[in-house]
Amino acid sequence: MGEGIDTSRRNFLRGRYEGYGQRVRPPGVTAASLEACTGCGKCVDACPTHIIRLIADRPALDFSVAECTFCGQCAELCPEPVFTGRPQSFPHVAMIGESCLARNGTDCQACRDGCPAEAIRFRPRAGGPFLPELREEACTGCGACLAVCPVAAIGIREFDRERAYV
């Protein structure tokens with residue numbers, strides 16, 4: 001641990017997810033399994049979307065570049081027991097901030113167009129552009145909407161999928 005965590009509202013709404021309480025780990029990596037990481041960087045080289053970065057010799061995702069496609073190539077090339085399975089979602093979901101262009105009177109639907117899970121829809125409103133709505137149960141947390149937002153209005157927040165269905 002001992003990592004400095006930036007919890008500023010500005011960075012959170014810009015999609016700089018350090019304020020979400022911990023770095024975003026690649027899919028299938030737990031806090032416990034991360035201890036086995038040697039920092040070799042093979043996962044960084046294997047990632048086809050180039051979103052894995054080593055921070056303090058540990059893998060973290062950078063959704064400002066692109067999204068995670070859950071391809072599993074990082075897990076396949078990792079020589080250590082860091083990856084525990086092949087999940088198809090993260091324990092977080094997107095969060096659309098107040099600086100969203102559509103919420104401020106400018107038509108934009110880039111996040112909807114970029115979402116492979118079709119978790120973002122736009123609701124019509126009188127006298128202005130359609131407003132974004134996130135279907136949390138459909139969001140995989142892949143980061144595709146963060147990468148395409150022209151004003152970095154999308155961040156992420158923790159989401160307990162099991163609790164959502166109770």
Side-chain angles (χ1 to χ4, degrees), residues 3 5-30 43-44 46-55 58-75 83 85-166:
E3 299 171 23
I5 297 175
D6 182 0
T7 57
S8 73
R9 181 174 182 260
R10 176 180 301 196
N11 280 338
F12 176 75
L13 293 176
R14 286 180 174 230
R16 296 194 177 114
Y17 38 81
E18 293 90 0
Y20 138 76
Q22 61 187 358
R23 73 178 73 203
V24 177
R25 297 179 298 267
V29 176
T30 65
C43 58
V44 175
C47 182
T49 57
H50 308 291
I51 63 170
I52 301 178
R53 307 270 187 260
L54 287 182
I55 300 174
R58 299 291 186 261
L61 301 184
D62 179 4
F63 290 135
S64 67
V65 178
E67 77 273 10
C68 178
T69 60
F70 302 102
C71 68
Q73 290 183 28
C74 51
F83 292 83
R86 199 161 168 184
Q88 294 299 305
S89 66
F90 286 98
H92 62 254
V93 292
M95 183 184 106
I96 302 169
E98 292 303 314
S99 61
C100 170
L101 290 174
R103 289 184 176 175
N104 288 288
T106 302
D107 187 31
C108 177
Q109 296 185 9
C111 57
R112 182 205 64 189
D113 296 342
C115 181
E118 298 180 358
I120 300 174
R121 298 199 176 160
F122 278 75
R123 176 178 37 90
R125 75 171 169 172
F130 290 12
L131 293 176
E133 288 183 341
L134 176 74
R135 294 182 317 131
E136 292 181 351
E137 68 281 355
C139 180
T140 64
C142 71
C145 56
L146 277 82
V148 298
C149 181
V151 294
I154 302 176
I156 58 173
R157 69 174 179 77
E158 195 168 356
F159 181 66
D160 185 359
R161 293 184 192 284
E162 290 179 18
R163 208 194 263 184
Y165 294 108
V166 175

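These values consider heavy atoms only, across backbone and side chains, with no hydrogens, waters or symmetry-generated copies. Treat the numbers as computed from the prediction; the structure is a model and nothing was measured.
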Exercise for the section: Calculate, to the nearest 0.5 Å, the distance between atoms CD1 and CD belonging to Ile120 and Gln109 respectively. Expected result: 10.5 Å
Fill in the blank from the handout: Output for pair (Leu101 CG, Asp107 CG), nearest 0.5 Å, gives 9.5 Å
Fill in the blank from the handout: Taken to the nearest 0.5 Å, the spacing of Glu67 CD from Cys145 SG works out to 9.5 Å
Fill in the blank from the handout: To the nearest 0.5 Å, atom CE of Met95 lies from atom CG of Leu146 at 10.5 Å
Exercise for the section: Tell me, yes or no, whether the heavy-atom count around Glu118 atom CD, taken from other residues, nucleotides or ligands under 6.0 Å, exceeds 12. Expected result: no
Exercise for the section: Kindly indicate whether the side chain of Arg103, heavy atoms from C-beta on, has any atom under 4.5 Å from the side chain of Leu131. Expected result: yes
Exercise for the section: Quick one: closest heavy-atom pair of Leu54 and Pro59, and the distance? Expected result: CD2-N, 3.7 Å
Handout entry: N/O donor-acceptor pair under 3.5 Å between Arg58 side chain and Arg23 backbone
Key = no
Exercise for the section: Mind listing the closest non-hydrogen atom pair of Ala102 and Pro129 along with its distance? Expected result: O-CG, 3.6 Å
Exercise for the section: Work out which heavy atom in Cys43 is nearest to a heavy atom in Phe83; give both atom names and the distance. Expected result: CB-CZ, 4.4 Å
Practice task
Measure the acute angle between the ring planes of Phe70 and Phe90, then classify it against the limits of 30° and 60° as parallel, tilted or perpendicular.
Solution key: tilted
Practice task
Heavy atoms only: give me the nearest Ala144-Gly114 pair and the separation to one decimal.
Solution key: CB-O, 3.2 Å
Problem - Minimal non-hydrogen separation, Thr140 against Ala117, with atom names - result: CG2-CB, 4.3 Å
Exercise for the section: Please examine the side chains of Val148 and Asp113, heavy atoms only from C-beta on, and report whether any two atoms are closer than 4.5 Å. Expected result: no
Problem - Residues, nucleotides or ligands: over 12 heavy atoms within 6.0 Å of Arg53 CZ - result: yes
Practice task
Kindly compute the distance separating SG (Cys111) from CZ (Phe122), expressed to the nearest 0.5 Å.
Solution key: 4.0 Å
Completion exercise
Taken to the nearest 0.5 Å, the spacing of Ile154 CD1 from Leu134 CG works out to 8.5 Å
Exercise for the section: Please name the pair of heavy atoms, one in Val151 and one in Ser99, separated by the smallest distance, quoted to 0.1 Å. Expected result: CG2-O, 3.5 Å
